Amino acid sequence: MNLHEFQSKSILMEKGVSVPRGLVVYDALEALVAARSLKADKIVLKAQAHSGGRGKAGGISVMSIDDDVRSEAGRILRMNLVTNQTGPQGKPVSALLVEEAPQIDEELYLGVVLDRNDGHVTVMASPAGGMDIETIAKESPEKIYLVKVDPLRGLCPFQSRGLAYKLASKNLIANQIAKAVTALYEIFVSYDCTLAEINPLVVSGEKVLALDAKINLDDHALFRRPEMAGLRDRSQEDPVELSARQAGLSYIKLDGDIGCMVNGAGLAMATLDLISIHGGAPANFLDVGGGASEQVVADATNILLDDTRVKVVFINIFGGILRCDVLARGVIRAIKERGLQLPVIARIEGTNIELGRKLFADSGLQIQMIPSLDEAAELVVVKAKELSAS
Amino acid sequence: MAILVNRESRVICQGITGRNGTFHSIACRDYGTNMVGGVTPGKKGTFVDGIPVFNTVEEAVLETGANVSLIFIPAAHAKDPILEAVDAGIKVIVCITEGIPPLDTASALYTVKQKGSVLIGPNTPGIISPTEKCKVGIMPGYIHTPGPVGVISRSGTLTYEVVDQLTKAGMGQSTCLGLGGDPVVGLSFVDCLKMFKDDPKTEAVVLIGEIGGSAEEQASEYIKGEFRKPVVAYVAGKLAPPGKRMGHAGAIISGGSGTAQGKIEALTRAGVTVVENLTKVGQAVRDILL
């Protein structure tokens with residue numbers, strides 16, 4: 001679950017990290033009033049959407065209070081923000097953050113992640129802030145300082161200070177950076193984050209401010225923080241992916257025309273790869289999970305059939321815990337309830353396969369059963385091409 | 001021979017009285033596994049289809065000499081049973097549970113490593129050594145057959161698919177194990193390759209990777225330097241869009257790293273036979289070994 005910049009900043013403030021003065025607004029007139037109330041020479045309007053690269057996409061404007069703040073705010077609020085991270089469909093702007101634009105003397109980077117290779121929470125700091133950490137890593141890896149945190153000791157004050165002194169020579173500044181490092185680490189651990197990042201952390205005269213912040217929470221740990229559920233912004237998520245998740249399915253939209261239903265994440269990815277090897281394009285990734293029930297399978301079938309882009313449905317199941325008969329019942333029920341308009345090709349293997357085949361055969365539905373996965377994938381692609389040609 | 005689990009393994013199940021724990025404990029025993037007990041706090045003195053249940057892992061170990069544990073405990077509470085198994089001296093811990101908060105896994109794993117135990121998973125189908133008639137996991141046992149091929153994978157059903165192909169191609173397996181689909185897991189490809197290197201019954205290894213992280217790249221480095229048995233690999237997720245979690249919590253391309261293409265190139269440079277079409281893995285192994 002991702003948080004907006006303003007939500008991330010309010011968590012940082014609670015932990016004692018300074019951020020620029022600002023207000024969150026939802027319409028253009030409010031934005032003008034907010035801008036005036038800040039009594040700053042320069043202000044910045046920032047689109048609140050779950051994506052990086054907002055500035056390049058036109059979602060961030062630095063203005064003087066004498067400029068036409070109201071129209072500019074209106075423009076940003078109405079935007080569909082298409083960045084290098086959102087894909088062509090873009091993201092709506094959920095709110096506008098109106099902030100004073102502070103003087104910027106230096107831009108630093110602070111980030112905390114869990115290093116999946118060694119299982120250590122890792123604090124990253126760099127004097128080359130303002131660009132993303134991947135770019136820093138590529139262009140000047142010597143400018144990234146890392147601290148691996150021992151899970152039993154936690155991050156020690158000397159480690160925060162050590163990083164801070166690498167970024168700043170003045171004591172006053174270094175003390176504030178050390179405080180921000182400690183705060184960011186504590187947020188990462190206490191909120192079970194997948195990422196906690198301040199980028200840039202700016203030095204502004206004698207002060208250190210978090211100019212931008214990103215906090216992403218791990219969905220698997222949200223049960224520990226039920227109060228965070230209210231911060232979820234559903235408008236930032238794809239509606240089909242959202243409803244699939246509520247049905248217990250893992251669904252991701254792609255741009256092709258072959259609807260896929262598979263059990264298991266790895267096999268689902270491999271099925272997409274196989275379709276592409278044969279020259280086709282899948283419409284989605286859909287993993288019904290290892291132990292799906294008949295209802296979950298029926299929900300999955302409906303999601304595929306609801307997708308108007310889909311020309312052919314491909315079902316690829318290797319039944320382990322998920323039995324082939326349960327799968328067959330779910331698919332047959334969903335199709336019978338709505339009538340079948342699309343060709344369905346199924347490759348089914350594993351537990352209770354005979355029963356599953358019999359159920360499909362007796363259903364009277366035109367579902368083509370192909371035992372070989374490679375041949376099935378090939379046939380699906382041929383069908384999809386025939387149908388888009390006609 | 002095989003790696004990690006064999007005929008001598010004495011296996012307990014933590015969470016044996018739950019639905020999945022009961023079902024799979026019995027399925028493992030049916031396959032041939034020496035299931036010596038189970039643990040559910042408060043259920044001491046009861047039996048699950050003849051398998052004795054204990055209150056604590058310590059007790060189970062004292063009474064049965066258990067050295068392997070299979071864990072089915074809901075994600076929110078799964079850290080404690082891993083630590084309990086470590087403290088009781090269990091050497092191989094197989095954690096099936098999906099969705100454990102990664103920070104919980106990371107902190108448990110720290111202790112696992114300190115005490116010299118091995119954690120398989122979490123979010124793994126488990127481990128099976130067909131040559132030793134020992135299965136500690138949820139995979140369908142009947143698709144496996146004894147033989148010379150070791151299989152290491154980050155995915156469950158994808159492993160079944162490959163094992164099924166191997167069996168049908170006449171290529172039996174020494175040991176097959178899933179590393180787990182989470183971002184932080186216990187065993188790595190490199191850990192397993194080191195064990196397969198020393199296992200005389202394993203003549204070739206199939207490595208099944210997927211997008212996310214750099215475990216495949218690390219395996220490539222190790223293979224290039226030290227691993228002399230033939231390796232066939234498949235990497236899933238060429239079409240995965242960046243920034244999206246593809247079902248597994250760990251299957252995500254972030255900041256341009258962890259792509260299938262990068263992994264395929266690294267493995268190829270290490271001399272691994274990388275198969276692009278999943279359905280040709282069994283044949284590729286056969287071509288190498290026969």
Side-chain angles (χ1 to χ4, degrees), chain A residues 85 87 114-121 132-135 137-138 150-152 188-189 192-194 218-221 223-224 250 252 254 262-277 281-282 285 287 289-291 317-322 349-351 372-375 377, chain B residues 20 75-76 98-107 109-110 125 138-140 143 153-161 164 181 183-185 188 208 210-215 218 234 236-251 254-257 260 276-280:
Chain A
Q85 296 176 9
L114 178 60
D115 184 334
R116 46 195 291 171
N117 290 320
D118 58 19
H120 281 75
V121 174
D132 60 50
I133 189 71
E134 289 86 9
T135 313
K138 214 176 288 165
D150 178 312
L152 302 183
F188 184 89
V189 174
D192 280 276
C193 297
T194 54
D218 199 302
D219 286 324
H220 287 136
F223 68 90
R224 287 204 268 249
S250 174
I252 288 159
L254 302 168
V262 189
N263 67 323
L267 189 58
M269 280 189 272
T271 304
L272 307 183
D273 295 345
L274 200 54
I275 289 171
S276 130
I277 286 174
F285 166 95
D287 168 17
I317 300 293
F318 201 109
I321 309 179
L322 170 61
E349 191 60 71
T351 313
S372 149
L373 174 55
D374 203 28
E375 285 167 23
Chain B
N20 288 323
E98 178 176 0
I100 301 178
L103 286 175
D104 284 3
T105 306
S107 96
L109 183 58
Y110 188 81
I138 60 173
M139 62 288 280
I143 59 173
S153 170
R154 284 174 60 194
S155 152
T157 46
L158 196 47
T159 317
Y160 311 162
E161 183 71 49
D164 189 54
V184 177
V185 293
S188 68
I208 305 163
E210 67 185 28
I211 56 161
S214 56
Q218 288 161 358
Y234 173 79
K238 266 194 174 170
L239 291 194
K244 295 277 189 181
R245 288 182 195 278
M246 303 298 278
H248 290 151
S254 42
S257 77
E276 306 242 343
N277 181 327
L278 168 69
T279 65
K280 310 291 183 209

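Just so you know, these numbers come straight off a predicted model, no measurement behind them.
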Which atoms of A/Leu373 come close to chain B, meaning under 4.5 Å heavy atom to heavy atom: side chain ones, backbone ones, both, or neither? both

Would you indicate whether the side-chain heavy atoms of A/Asn117 and B/Ser214 approach each other to under 4.5 Å? yes

Between B/Leu239 and chain A, which part of the residue has a heavy atom less than 4.5 Å away: side chain, backbone, both or neither? both

Below 4.5 Å from any heavy atom of chain B, which atoms of A/Asp218 appear? Answer side chain, backbone, both or neither. side chain

Find out whether B/Tyr234 and A/Asp273 are in side-chain contact, i.e. whether some heavy atom of one side chain is under 4.5 Å from a heavy atom of the other. yes

At a 4.5 Å cut-off on heavy atoms, which part of B/Tyr160 comes close to chain A: side chain, backbone, both, or neither? both

Between the CD1 atom in A/Ile275 and the CG atom in A/Leu254, the distance rounded to the nearest 0.5 Å is 9.5 Å

Give, as side chain, backbone, both or neither, the part of A/Val121 having an atom under 4.5 angstrom from any heavy atom of chain B. side chain

Check B/Arg245 against A/Ile252 and note the closest heavy-atom contact, atom names and distance. O-CD1, 3.1 Å

Contact origin within A/Glu349 toward chain B - heavy atom pairs under 4.5 Å: side chain

So, the part of B/Ala76 with a heavy atom under 4.5 Å from chain A: the answer is both

Leading residue by heavy atom contact count with chain A [cutoff under 4.5 Å; candidates B/Ser153, B/Gly212, B/Ala249]: B/Gly212

From the list B/Gly213, B/Ser107, B/Pro140, the residue making the most non-hydrogen contacts under 4.5 Å with chain A is B/Gly213

Measuring heavy-atom distances to chain B, does A/Ala270 have an atom under 4.5 Å in its side chain, in its backbone, in both, or in neither? both

Which one wins on heavy-atom pair count under 4.5 Å against chain B: A/Pro151, A/Gly87, A/Gly119? A/Pro151

Chain A contact via B/Glu98 - side chain, backbone, both or neither, heavy atoms under 4.5 Å: neither

Any donor-acceptor pair under 3.5 Å from A/Asp287 side chain to A/Gly264 backbone: yes

Less than 4.5 Å apart, side chain to side chain, heavy atoms only: is that true for B/Asp104 and A/Arg224? yes

Considering only heavy atoms and a distance below 4.5 Å, find which of B/Met246, B/Glu210, B/Met139 pairs most often with chain A. B/Met246

Does any backbone or side-chain atom of A/Leu322 lie under 4.5 Å from a heavy atom of chain B? Answer side chain, backbone, both or neither. neither

Beyond-backbone contact of B/Ser188 with B/Gln218, side-chain heavy atoms, under 4.5 angstrom: no

Selection from B/Pro183, B/Ser155, B/Gly247, B/Gly156 maximising heavy-atom pairs under 4.5 Å formed with chain A: B/Pro183

Ranked by heavy-atom pairs below 4.5 Å to chain B, first place among A/Ser250, A/Ser372, A/Ala265, A/Gly289 goes to A/Ala265

Any non-hydrogen side-chain atom of B/Thr105 less than 4.5 Å from a side-chain atom of B/Val185? no

What one should report as the nearest heavy-atom pair of A/Leu267 and A/Thr271 is O-OG1, 2.6 Å

Cut-off 4.5 Å, heavy atoms of chain B, and the answer for A/Leu114 is side chain

Minimum heavy-atom distance between B/His248 and B/Gly181, given as atom pair plus value: CB-O, 3.3 Å

Given heavy-atom pairs under 4.5 angstrom as the criterion, report whether the side chain, backbone, both or neither of A/Phe285 touches chain B. side chain

Counting heavy-atom pairs under 4.5 Å with chain B, which one of A/Asp150, A/Asp192, A/Ile317 comes out on top? A/Asp150

Check: B/Gly250 main-chain N/O paired with A/Arg116 side-chain donor or acceptor under 3.5 Å: yes

Kindly indicate whether the side chain of B/Leu278, heavy atoms from C-beta on, has any atom under 4.5 Å from the side chain of B/Leu158. yes

